[in-house]
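Whatever order the structure lists ligands and atoms in, that order sets their numbers, starting from 1. Treat the numbers as computed from the prediction; the structure is a model and nothing was measured.
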Amino acid sequence: MNNFPENFTWGSATSSYQIEGAADEAGKGPSIWDAFCTVPGRVAKGDRGDIACDHYHRMREDVALMKAMGLKAYRFSIAWPRIMPSGKDQVNAEGLKFYDDLINELLDQGIEPWVTLYHWDLPLALQMEEDGWLNGEIANYFESYARVCFARFGDRVKHWITLNEPWVVAILGYGMGTFAPGRNSKSEPYVVGHNLLRAHAQAVRCYREEFQAHQKGLIGITLNCDWREPLTDKKEDVAAAQRALEFFLAWFADPIYLGQYPISMVDRLGDRLPQFTEEEKDLLMGSSDFFGLNHYTTLFAADARGNLEVGSVYGNGGLSEDQDVNLSADPNWKKTAMGWAVVPWGCQKLLAWISDRYDAPDIYITENGCAYADVPTEGKVQDDERIAYYEGYLNACHEAIEKGAQLKGYFAWSLLDNFEWASGYDKRFGLHYVDFDTLERIPKASADWYKKAIEANGIKDK
Ligand code: GAL
């Protein structure tokens, strides 16, 4: 048995747009994802999040599923346009009430709420009228929205996450255009990344100065990163893998933990990479009480020397030409329905890399999981591949802890099958199967497996 440390936080995660539905009910304003889904060709099969899992109306039923699994914690996000329909000024009482009820229900069932303030559903008005994350003013709007949430929910919420995956917002939203708001640019991602960091820092300052002393919670950020393994032990490939990790994770983590952008980015991007003022640097430095990490997969990295092979494997980890790195997968690696390779040892190496570079911060894996084409038979879903994935990755986490990583918790993505962004409803990540016609939930075999892991505070050795 591989046991986890005492008080390990066993959780599961979701996000507002992916599960709530009720897209224009109860005073909610439209988000950039509501708009993006209506653009032909952007989302597989023209799927959209109007109804999603209808969690807005089935919240208590969903908390009961969490309770049945014995979850210690549940990570969800607040929809900014449900709280502030146009992104600023006016606050929507019905939106506040929904999250009040959810938080109270969780606490009644003994489940700790972990709240993400921004999981990509920007109020549409801020995009249309203010240029979204391109506008430096957005840091002030985000701070005001965050303040409303701290003031209202902070008596009960003790773990806050400012932003989910700023890399995705910047690269997929403004670089590749595959996610809302769907822009294609070689320079905007770095401006957007910069403003996301500034917004994070201001929200954290607000929490620390106005709330933390009496509410006694913690606040952090969630960053995503795959592992990049050097393709060979040649020094050029070792350097390429390092560079790829810097453009992926250190882009956001270095300013927070080390006070500046990675030198590799400064050198390669020139004036496309904005600079922080001294005041912003000070605000950013140390602005996360814990390191939230979303991790899914691994690829090999090799120095491209100007011969980029873009698009041969899933993801290029950013704007490829800026990094000059070629990515590849071992053909023997198993792949999930997303085409992402299942490589548990990459998770262990990434945890070690973070611990080493940032001086062993407390880490929470705020997402890890996999999509498979689950099909119910006689009311049951026997998702053995998902169980194998979780077993592999949790064993890798265990090994990382033994080697010194301060990993304090793990959130399985996801509680429910849900709206998987540009892939729509076809890609199922849930521990619970959702029938998107009837909205019925069925616990998969993996939910039962996870429940046993939580009960035992450990998993069986490989
Ligand atoms: C993350 C994201 C989640 C979920 C997951 C699986 O990047 O935060 O919302 O979609 O990936 O693709």
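A cation-pi geometry, defined here as NZ or CZ lying under 6.0 Å from the six-membered ring centre and within 45° of its normal, does not hold between Arg428 and Tyr372.
Side chains of Gln202 and Asn140 form a contact here, defined as non-hydrogen atoms less than 4.5 Å apart.
Remark: Lys28 pairs with Asp34 by the salt bridge (charged side-chain N to carboxylate O under 4.0 Å, His left out) rule, at least two apart or across chains. Annotation: side chain to side chain donor-acceptor pair (under 3.5 Å) contacts of Lys334 (sequence neighbours excluded): none. Legend: residues meeting salt bridge (charged side-chain N to carboxylate O under 4.0 Å, His left out) with Arg357, ordered by chain and number and at least two apart, are Glu246, Asp254.
Pocket lining of ligand 1, defined as residues with a non-hydrogen atom under 4.0 Å away: Gln18, His119, Trp120, Asn164, Glu165, Asn294, Tyr296, Trp340, Glu367, Trp413, Glu420, Trp421, Phe429.
Considering Asn368, Asp383, Asp384, Thr336 in turn, Asn368 is the only one that fulfils the side chain to side chain donor-acceptor pair (under 3.5 Å) rule with Tyr389.
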